[in-house]
Amino acid sequence: MIQILVNQAVNGHPVTPDVIGKQIGKPVFHAIPKDDASCIAALSRSTPVLVGAKNSAFATGVVDCARKLIQKNVLKTLERLAKPQDVAIPSQSSSATAGAGDDKKRDQWTELKSRIHKALVEEMDLKKQDENDPKAKIILREQTKKMVVELLGKEDTKSVLANRDDMNRIVKEILDEALGLGPLEDMLADKTISEIMVVGPKKIYYEQGGKVKKSLITFTNDRQVMNVIERIVAPIGRRIDEKTPYVDARLHDGSRVHAIIPPCAIDGCCITIRKFPDKRLDYKELVKFGSMTEGMADFLRISVEAHRNMVVSGGTGSGKTTLVNMLGGFIQTNERIITCEDSAELNFPQDHVVRLETRPPSLEGDGEIDIRCLVKQTLRMRPDRIVVGECRGGETLDMLQAMNTGHDGSMTTVHSNTPRDAISRLETLVQYAGAGLPQKAIKEMIASAVHMIVQQSRLDDGSRKVLYITEIGGIQGEVVTLQDIFVYKQEGIGKDGKIQGKFMATGFIPKFIETLEKKGYKVPRGLFVNKT
């Protein structure tokens, strides 16, 4: 299938197409004549020759070549050819040998990358780039690419780089490590991957479709992992060093990042990236994914519009932030919303949103601004609704007091496994504030401040569902009363490993529905009836 094409052919030249064909042992397929005048004119006008000078000798030669390719069915013949496939290794011993060979080649690949990267750092100042100037980034990447190719040209790469694809791949990997986030770049670009977990330079795991898998791509060494962490935290003013060996940060697309380094991380630098979808998920998508039913979504919308105070409860990675984002989308556009977060993740569609973010201490150890301080500031900012990304300390007391003093319709999240556990968790977190409140006073505060708990969970098959929507009915004696409105009943596991079950209404009608109806708000009672 190799065809010989002569470009820039000159009439009268001693090396004719016939001479070339005899020397190679295969006839020349086509000759395109030399036509400097037309080509130079086309370049100066930035117009293709076939457009600007379609009757020129060069353009005619290209057209004739294309016509000949079609007439002789060259491309169709190529398409029909059987392509070489990977050969299966028959024996166990052969498989082991091949595995050892792969490991050896991978080590050689890593060593080559390490040498090129070291030489690159000596030749160029890679940190000299403006993070906010996309043109400067493109120019620096092209300059670095040129330098990488030059450095590879000086190396003996025959045993490592078998073909052009290998060459392109190693250049890309070196560029990604030098200027980007290394092997994480492709994973971040993959929309199907929801979480990335790095454990030292040689182990990278990722979550895809609810299942955790191990990546074949690795970092060159621990220094490269550290470079990636520094590249993430520097633009947002965070720092990480031996004195503070951990950091919470975010990427430019809003993905949440946590990093921890030695001496706390024994096996090398660790990075955990929680990716968020480019498009904010609304209730229709969550219903389509099976996270809740249309009736549950309608009830949550009514609850948000009725200014019910909500706590979204769930474990790590259960989808609490996604659910709060969805609930925030139900808030009326004429209300002022203020959000407080450790690392800004919430993304509400309304225009009038004030987003606040905590700040770590400076190198001198002062200047720290925590969530509790931010919640106190919100009370002076005329909020209609306050949304705290997550309550995990003394800010819980300030949040409950805000809910109790005219900021109805506020929301927050806590880590717990059931609505009853969420109440216990809130009690514990209030005590972190150090106010010395008695247990009963804390329970009374929770019972009057929080109206509803929405329990979000991640099931064994990787799916995320709203397991309970529960109303807090008040307090009886020492116990906060809870009443489930919607629940998810698990019925078994299908042949494909997916959990089977159904969402059910308990038949209980929340107390605030009657209050709404007295105000003229029509709520369909069919929401609280199971449809057969």
Side-chain angles (χ1 to χ4, degrees), residues 99-100 102-103 105-107 109-110 113-114 117 169-170 172-178 180-233 238 240 245-278 289 314-322 342-343 345 390 415 456-465 496-499:
D102 287 347
D103 288 343
K105 188 172 181 181
R106 202 174 291 130
D107 290 342
W109 182 282
T110 305
K113 270 171 55 180
S114 187
H117 197 278
R169 189 157 68 89
I170 199 166
K172 182 183 181 301
E173 286 184 16
I174 293 168
L175 285 174
D176 285 344
E177 284 197 9
L181 303 183
L184 306 185
E185 288 282 350
D186 290 335
M187 292 185 188
L188 287 167
D190 189 340
K191 307 292 183 193
T192 62
I193 293 175
S194 56
E195 197 148 4
I196 302 165
M197 295 149 279
V198 178
V199 186
K202 300 301 178 189
K203 288 188 279 188
I204 302 176
Y205 297 89
Y206 60 93
E207 184 187 62
Q208 194 172 38
K211 300 293 182 185
V212 175
K213 304 171 186 175
K214 187 175 182 180
S215 170
L216 295 175
I217 304 169
T218 61
F219 283 93
T220 307
N221 51 46
D222 215 36
R223 180 65 246 174
Q224 296 304 326
V225 190
M226 191 65 198
N227 286 345
V228 165
I229 295 172
E230 288 172 350
R231 204 165 281 132
I232 291 169
V233 301
R238 302 282 168 113
I240 187 166
Y246 51 85
V247 69
D248 279 310
R250 67 178 184 277
L251 300 179
H252 60 85
D253 64 353
S255 299
R256 183 200 306 165
V257 181
H258 176 269
I260 186 163
I261 63 172
C264 290
I266 297 168
D267 296 323
C269 301
C270 295
I271 310 171
T272 309
I273 300 176
R274 174 80 53 78
K275 287 170 65 181
F276 292 105
D278 297 334
F289 294 151
T316 303
S318 60
K320 297 188 297 297
T321 305
T322 302
D342 275 328
S343 182
E345 298 164 15
E390 184 183 338
H415 276 83
Q456 174 91 6
S457 290
R458 180 179 163 192
L459 304 181
D460 294 338
D461 62 353
S463 63
R464 295 165 172 86
K465 296 187 187 296
D496 56 354
K498 295 288 183 185
I499 288 175

When you measure from the side chain of D461 to the backbone N and O of I499, does any donor-acceptor pair fall under 3.5 Å?
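Looks like yes, one N/O pair under 3.5 Å.
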
Close side-chain approach of [X] and [Y], heavy atoms under 4.5 Å:
X	Y	result
V212	E195	no
L251	L181	yes
T321	R256	yes
Q224	V228	no
M187	I204	yes
E390	D342	no
D186	K172	yes

Between R223 and E230, does any NZ, NE, NH1 or NH2 come within less than 4.0 Å of an OD or OE carboxylate oxygen?
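Looking at E230 and R223, the cut-off is met.
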
Return the minimal non-hydrogen interatomic distance between [X] and [Y], and the atom names on each side.
X	Y	result
S255	I273	CB-CG2, 4.1 Å
M197	E207	CE-N, 4.1 Å
V225	C269	CG1-CB, 3.6 Å
I229	C270	CD1-O, 4.5 Å
P183	I217	CB-CG2, 3.3 Å
H258	Y246	NE2-CB, 4.3 Å

Is it the case that more than 12 heavy atoms not belonging to D190 sit under 6.0 Å from its CG atom?
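Count over threshold, so yes.
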
Residues in side chain to side chain contact (heavy atoms under 4.5 Å, CB included) contact with K214, at least two apart in sequence or another chain
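K214 satisfies side chain to side chain contact (heavy atoms under 4.5 Å, CB included) with K203, Y205 once adjacent residues are dropped.
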
Non-neighbouring partners of R169 that pass side chain to side chain contact (heavy atoms under 4.5 Å, CB included), sequence neighbours left out
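R169 satisfies side chain to side chain contact (heavy atoms under 4.5 Å, CB included) with W109, D166, E173 only.
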
Could you grab the distance from atom [atom1] of [X] to atom [atom2] of [Y], nearest 0.5 Å is fine?
X	Y	atom1	atom2	value
S457	R464	OG	CZ	11.0 Å
K275	I196	NZ	CD1	5.5 Å
F289	T322	CZ	OG1	10.0 Å
I260	I240	CD1	CD1	8.0 Å

Would you say the side chains of R231 and N227 form a donor-acceptor pair under 3.5 Å?
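No.
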
Using side-chain hydrogen bond (donor to acceptor under 3.5 Å, both in side chains), reason through Q208 and T192 one step at a time and then give a plain yes or no.
CA-CA 6 Å; Q208 194 172 38; T192 62; 2.6 Å; yes

